Amino acid sequence: MNDAENKKDIEQYNKQYALNKELAQMLKGGVIMDVTTPEQAKIAEEAGACAVMALERIPADIRAAGGVSRMSDPAMINGIQDAVSIPVMAKCRIGHFVEAQVLEAIEIDYIDESEVLSPADDIYHIDKTQFKVPFVCGAKNLGEALRRINEGASMIRTKGEPGTGDIVQAVSHMRMMNSAIAKITSMRTDELFNEAKELQVPYELICYVHDNGSLPVVNFAAGGVATPADAALMMQLGADGVFVGSGIFKSGNPSKRAEAIVKAVTNYNDAEMIANLSKNLGEAMVGINKDEITLLMAERGI
Amino acid sequence: MKVGVLAVQGAFIEHENILNKLGISTIELRKKSDLDMDFDRLILPGGESTVQGKLLGDLDMFNGLKERIMSGMPVLATCAGLILLAENIVNDSRSWFKTLPVSVVRNAYGRQLGSFHYDGIMEGIGIFPMEFIRAPYIESVADGVEILAHVDDKITAVKYKKQLGLSFHPELSDNYNIHKMFLEM
């Protein structure tokens, strides 16, 4: 490849990456819901989901079933794509770039390289710069977030602890990220080189955080959101939007709960409205404490 | 002058940032009581039209906003906002304000792989960097609707009375000329 071709390729990639970051911007202030069937996808869309995550089993069931958890059957994802008009996301295993190629081939709108599935690679994440479709990745601190962005992720979410209905991990990840960003923002510029070394991320990304006081991509909350108050808590802590996995379809009245969470994300500062939204929602998912589980999904892929 | 920005879901902060840089103050419209505040212009931002349309109804904001648009409040509607304004949506049985007499096609360029950047001519402005994200286009317009931009044979920007409807996202650009055009409308 000559230099001119190479330059054209880089230009093309940068344009696509900009478009992919921009799709995440359009999802802000919204709720992305896990669904396992076209029927659930329709319920989610009608309840006001801004996107759906198509997967065979929701995290709570993955946790219960154990074993190896993989990318969903493309036919099942196609069924969900046909059922709704909002963006459809799907998960591939960490490092499993062929699952990602398959998801790109069926024109998924966003790939979640997700710790919820069994990792396919102990060391390497997918080189996301090799894809046209966008990627969202989980992170529990700023270092992980910037490493994923450097690999080509165009959206970040907290890892939280999926399938537990326990918000504590998502809160802790969001707080860790925010405090690291605040710290970098207030650093002298001659301290940024060392910070890049400490966090094991490129200096340029540290400079971006220093200058802008934020990640260069949209940052959603995920992992353990079960109630409208949980969702509003994450928004008040600075999330751009919320993923709800098991919290909706593991609850007593999925449709009503989904609608309530959507409205709580829009009006996250309005306690009176959240109080009304929280009334008579039926049973929330039972949930398990992080101390009661043996498998911490958040430890996968650092 | 104060601009009300619909802030129920989507990329509303991007619009606010541009207006603030132009020295214009903004308010966010998230619930019915927000409509009691004074504002003289309205922005309907990008996002998911199904979500925004549903929340307009559920949060009881629909009628208050429609009345303002009908009585001539200037509106800038981008992408999802254009869908909310359109009288007819070709591939969806739903429709919302219906104040802009055009027919639009939702997700007209397909899924995210069909999203694209285009440097095209916007009437009254010249070349403008246009970002199309799972974008709609306008299939047909009624008499009296002014066509301001198109990509190939597809209409991507129109003006009708005080309504400016775009299928792309000027709020994602460093070029503020479309926002200036809206403020002068």
Side-chain angles (χ1 to χ4, degrees), chain A residues 11-12 14-32 42 44-52 81 84-89 103-111 131-135 154 218 240-241 258-260 262-263 265-270 272-273 277, chain B residues 6-15 28-34 45-61 78-81 83 89 91-94 106-107 109-119 129-136 168-169 171-173:
Chain A
E11 263 174 36
Q12 197 56 44
N14 286 340
K15 268 188 192 168
Q16 187 66 40
Y17 186 58
L19 292 165
N20 288 342
K21 284 199 290 187
E22 287 163 5
L23 175 58
Q25 282 175 268
M26 295 306 141
L27 301 173
K28 283 188 303 180
V31 182
I32 300 167
K42 279 209 171 85
E45 183 179 39
E46 277 159 21
C50 67
V52 290
Q81 286 174 312
V84 296
S85 64
I86 53 179
V88 177
M89 303 182 166
L103 292 173
E104 182 169 67
I106 61 169
E107 294 201 22
I108 203 76
D109 289 302
Y110 240 98
I111 297 175
F131 290 79
K132 277 190 80 182
V133 287
F135 281 80
S154 45
V218 164
D240 289 316
E259 283 193 357
V262 168
K263 284 185 210 131
V265 165
T266 298
N267 283 290
Y268 59 88
N269 278 319
D270 186 337
E272 206 179 316
M273 188 182 297
L277 292 169
Chain B
L6 183 67
V8 293
Q9 190 271 328
F12 45 87
I13 291 161
E14 289 79 352
H15 281 290
E28 292 187 350
L29 310 173
R30 292 175 182 269
K31 56 189 171 190
K32 192 183 186 189
S33 58
D34 293 340
E48 277 304 315
S49 59
T50 54
V51 182
Q52 296 178 0
K54 177 185 163 51
L55 286 169
L56 283 175
D58 287 1
L59 297 168
D60 201 13
M61 301 169 76
T78 60
C79 196
I83 292 166
I89 300 161
N91 50 349
D92 201 320
S93 55
R94 290 165 288 201
R106 265 191 83 199
N107 299 336
Y109 297 95
R111 303 182 191 284
Q112 175 61 5
L113 283 174
S115 293
F116 62 101
H117 173 93
Y118 181 76
D119 292 312
M130 304 172 180
E131 299 291 289
F132 292 85
I133 314 288
R134 285 175 47 98
F168 55 94
H169 294 278
E171 75 276 18
L172 298 176
S173 152

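Chain A is the first sequence line, chain B the second, and so forth, proteins listed ahead of strands; every chain is numbered from 1. Just so we're clear, the structure is a prediction, and the values are computed from it rather than from any experiment.
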Problem set entry | Contact summary for R134(B) and I86(A), nearest pair of heavy atoms | NH2-C, 3.4 Å
Seminar exercise, completed: Whatever's closer than 4.5 Å to a heavy atom in chain B on A51(A) counts as neither
Problem set entry | Greatest number of heavy atom pairs closer than 4.5 Å to chain B - which of E46(A), Q16(A), E104(A), E45(A) | E46(A)
Exercise. How far apart are the closest heavy atoms of L113(B) and E107(A), and which atoms are they?
Worked result: CD1-CG, 3.7 Å
Exercise. Is the count of non-hydrogen atoms from other residues, nucleotides or ligands lying under 6.0 Å from E272(A) atom CD greater than 12?
Worked result: no
For this session: Let me know if F131(A) has heavy atoms under 4.5 Å from chain B in its side chain, its backbone, both or neither.
Result: neither
For this session: Assess whether salt bridge (charged side-chain N to carboxylate O under 4.0 Å, His left out) is satisfied between K28(A) and E14(B), documenting all intermediate values.
Result: CA-CA 11 Å; K28(A) 283 188 303 180; E14(B) 289 79 352; 2.6 Å; yes
Exercise. With only heavy atoms counted, which part of A80(B) is less than 4.5 Å from chain A, the side chain, the backbone, both or neither?
Worked result: neither
Problem set entry | Option that, when pairs with chain A are counted at under 4.5 Å, heavy atom only, ranks first among K31(B), E28(B), R106(B), H117(B) | K31(B)
Exercise. At their closest point, which heavy atom of M26(A) faces which heavy atom of I133(B), and how far apart are they?
Worked result: CG-CG2, 4.5 Å
For this session: Could I get the full list of salt bridge (Lys or Arg N to Asp or Glu O under 4.0 Å) partners for D240(A), not counting sequence neighbours?
Result: none
Exercise. Looking at L59(B) and K263(A), what are the two nearest heavy atoms and their distance?
Worked result: CD2-CD, 4.1 Å
Sequence neighbours excluded and cut-off under 3.5 Å, please list the side-chain donor-acceptor pairs for residues 48-57 of chain B, or say none.
unit_1, atom_1, unit_2, atom_2, d
Q52(B), NE2, Q9(B), O, 2.9
Q52(B), NE2, G46(B), O, 3.3
K54(B), NZ, E259(A), OE2, 3.0
K54(B), NZ, D58(B), OD2, 2.7

Exercise. Nearest 0.5 Å, what's the NZ-OG distance between K132(A) and S115(B)?
Worked result: 9.5 Å
Exercise. With chain B, which of V31(A), D270(A), T266(A), V262(A) has the greatest number of heavy-atom pairs at distances under 4.5 Å?
Worked result: T266(A)
Problem set entry | Proximal component of F132(B), with respect to chain A [non-hydrogen, under 4.5 Å] | backbone
Exercise. Between D109(A) (side chain) and Q112(B) (backbone), is there a donor-acceptor pair under 3.5 Å?
Worked result: yes
For this session: Supply the atom-to-atom distance R30(B) CZ to N269(A) CG, rounded to the nearest 0.5 angstrom.
Result: 7.5 Å
Exercise. Given the rule in the side chain to side chain contact (heavy atoms under 4.5 Å, CB included) test, do Q25(A) and H169(B) qualify, once you have shown the distances and angles that lead to the verdict?
Worked result: CA-CA 11 Å; Q25(A) 282 175 268; H169(B) 294 278; over 6 Å; no
